[in-house]
Amino acid sequence: MSLPEEFRAGYRKQRYRLVGGHSAVKTCHWVRRSLNTGGSENCYKNRFYGVPTHRCLQMTPSLGHCTQSCVFCWRATPETLGVSWDQTREIADPEDPDSVVEGSLAAHRKAMNGFGGNPNVEKRLLDEARKPLHAAISLEGEPTLYPRLGELVDSFKGHGFKSVFIVTNGTRPDVLQGLSAEPSQLYVSLCAPDEETYSRACRPMVKDGWARVMETLELLQSFSCPTVLRHTLVPGLNMVSPVSYARLAEVSNATYLEPKAAMSVGAARARFGYDEMAWFEDVQRFAEEIAAECSYRVLDEHRLSSIMLLSRLDKPIRLY
């Protein structure tokens with residue numbers, strides 16, 4: 001089933017640039033911030049892994065398709081738009097990966113052209129921003145519902161990208177196991193320490209969601225690329241039981257853990273308010289509590305993103 005026009009129109013209003021029938025691009029807050037500050041203010045990916053913020057393209061190949069309806073998710077959902085479609089199904093008739101990449105690049109460059117008249121933006125940085133080196137397959141939806149995900153990774157690299165991140169909610173371990181190409185780094189959003197919290201916070205729309213996520217955690221050890229467990233946290237919802245998060249980290253043998261405060265933005269504002277968000281100090285303390293219960297230790301932090309980095313490594317792997 002194609003996405004309803006009401007849905008597509010809603011995303012256009014939110015400044016998403018639609019690409020073909022099921023993909024989209026949107027300029028990240030940190031790309032704008034990096035360009036406007038001469039490259040002096042950058043996102044956590046720059047601090048932790050060396051990714052050049054202003055050269056990042058944020059996209060999705062699975063607009064409007066997801067297997068969860070997380071409380072803290074900023075995306076529009078069928079219920080918020082008053083329309084319906086089967087958002088948990090794998091995308092039928094997926095578009096060619098090269099077409100998705102080329103369409104995403106064209107949309108990204110159009111977005112970058114809007115910075116041309118800004119006197120605060122250096123021409124050198126803007127020229128570089130028009131030639132992105134990093135792709136974040138993380139914008140919206142669940143990317144494993146795009147059946148040609150491994151080919152998409154290969155296509156980005158074939159178009160000159162130096163790194164490609166995939167962010168998944170872990171409900172399709174079968175897809176991850178069968179990827180034809182690994183990303184530069186694989187993220188799994190693990191936003192609950194147990195099944196009860198998972199049901200309440202992540203609101204899965206597929207059967208056996210928690211069992212699927214657990215299968216994904218065990219699968220991570222088979223990847224040769226760095227892997228990450230991302231914990232998006234809301235006090236009183238899923239920011240509980242650090243010992244259980246620690247136990248799951250040991251099960252996964254992930255390269256990194258990234259506890260991060262959920263933001264009350266977009267559609268999430270209807271579900272929890274700004275005053276219900278975790279402060280950076282809350283995330284910092286929670287990360288230290290996780291570290292005290294496992295073999296991971298705190299490596300770094302990015303205060304402006306309210307995120308911490310934990311690992312068994314002495315320092316994170318720099319991708320650039």
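When a residue number appears, it is its place in the shown sequence, counting from 1.
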Exercise. Can you find a heavy atom in the side chain of Val71 that is under 4.5 Å from one in the side chain of Val234?
Worked result: no
Exercise. Below 4.5 Å, heavy atoms only, C-beta onward: do Leu319 and Phe165 meet side chain to side chain?
Worked result: yes
Problem set entry | Carboxylate-amine/guanidinium proximity below 4.0 Å for Arg172 and Glu90 | yes
Exercise. Can you check whether Gly64's main-chain N or O pairs, donor with acceptor, with Glu140's side chain at less than 3.5 Å?
Worked result: yes
For this session: Please round to the nearest 0.5 Å and tell me the distance separating atom CG of Leu152 and atom OG of Ser23.
Result: 7.5 Å
For this session: Using atom types as modelled and distance alone, determine if a side-chain donor or acceptor of Lys26 lies under 3.5 Å from a backbone N or O of Gln14.
Result: yes
For this session: Verify side chain to side chain donor-acceptor pair (under 3.5 Å) between Asn42 and Ser34, making sure each step is shown before the conclusion.
Result: CA-CA 5 Å; Asn42 296 295; Ser34 181; 2.8 Å; yes
Exercise. Is a donor on one side and an acceptor on the other found under 3.5 Å between the side chain of His108 and the backbone of Ser104?
Worked result: no
For this session: Enumerate the residue pairs fulfilling salt bridge (charged side-chain N to carboxylate O under 4.0 Å, His left out) with a member in residues 93-107, sequence neighbours excluded, ordered by first and then second residue.
Result: Asp96-Arg148
Exercise. How long is the gap from NE2 on His29 to OG on Ser305, to the nearest 0.5 Å?
Worked result: 7.5 Å
For this session: Could you tell me the separation between the CH2 atom of Trp30 and the SG atom of Cys56, rounded to the nearest 0.5 Å?
Result: 13.0 Å
Exercise. Should Val251 and Glu218 count as side-chain neighbours, where that means a heavy-atom distance under 4.5 Å?
Worked result: yes
Problem set entry | Candidate pair Ile290 and Met308, rule side chain to side chain contact (heavy atoms under 4.5 Å, CB included), full reasoning | CA-CA 11 Å; Ile290 292 175; Met308 301 291 293; over 6 Å; no
Exercise. Going from CG on Leu220 to CD on Glu215, what distance comes out if it is rounded to the nearest 0.5 angstrom?
Worked result: 11.0 Å
Problem set entry | Steps toward side chain to side chain contact (heavy atoms under 4.5 Å, CB included) verdict (Arg33, Leu304) | CA-CA 12 Å; Arg33 192 159 177 170; Leu304 291 175; 3.7 Å; yes
For this session: Indicate yes or no: does Lys123 engage Asp127 in a salt bridge with an N to O separation below 4.0 Å.
Result: yes
Exercise. Could Arg285 and Glu281 be called an ion pair, given the rule that one side-chain N must be under 4.0 Å from one carboxylate O?
Worked result: no
Problem set entry | Side-chain (Glu182) to main-chain (Ser224) donor-acceptor, under 3.5 angstrom | yes
Problem set entry | Min side-chain heavy-atom separation Ser311-Pro316 under 4.5 Å | no
Problem set entry | Parallel, tilted or perpendicular: rings of Tyr146 and His22 (30°, 60°) | tilted
Exercise. Linking Ile, Leu, Val, Met, Phe, Trp and Tyr through side-chain heavy atoms less than 4.5 Å apart, which residues share a cluster with Leu35?
Worked result: Val31, Met112, Phe115, Val121, Leu125, Leu126
Problem set entry | Nearest-0.5 Å distance, NE2 of residue His231 to CG of residue Leu190 | 5.5 Å
Exercise. Can you pull the side chain to side chain donor-acceptor pair (under 3.5 Å) pairs that have at least one residue in residues 244-258, sequence neighbours excluded?
Worked result: Tyr49-Glu258, Tyr187-Glu258, Arg230-Glu258, Ser241-Ser244, Glu250-Ser295, Glu250-Arg312, Asn253-Arg312
For this session: Kindly indicate whether the side chain of Tyr198, heavy atoms from C-beta on, has any atom under 4.5 Å from the side chain of Gln68.
Result: yes
Problem set entry | Single-linkage hydrophobic cluster Ile91~Val19, side-chain heavy atoms < 4.5 angstrom | yes
Exercise. Quick one: are Ser163 and Tyr320 in side-chain contact, heavy atoms under 4.5 Å?
Worked result: yes
For this session: Sequence neighbours left out, what passes salt bridge (Lys or Arg N to Asp or Glu O under 4.0 Å) with Arg47? Give chain and number order.
Result: Asp300
For this session: Check whether any side-chain heavy atom of Pro173 lies under 4.5 Å from a side-chain heavy atom of Gln177, and answer yes or no.
Result: no
Exercise. Does Leu139 offer a backbone N or O that forms a donor-acceptor pair with the side chain of Thr60 under 3.5 Å?
Worked result: no
Exercise. Which residue pairs satisfy the salt bridge (charged side-chain N to carboxylate O under 4.0 Å, His left out) criterion with at least one member in residues 55-73, sequence neighbours excluded?
Worked result: none
Problem set entry | Expected output: side-chain Ser184 to main-chain Val164 donor-acceptor under 3.5 Å | yes
Exercise. Quick one: does Glu142's side chain have a donor or acceptor within less than 3.5 Å of a partner on Thr144's backbone?
Worked result: yes
Exercise. Are any non-hydrogen side-chain atoms of Phe7 and Leu63 less than 4.5 angstrom apart?
Worked result: yes
Problem set entry | Listed partners of Glu195 passing salt bridge (Lys or Arg N to Asp or Glu O under 4.0 Å), at least two apart | none
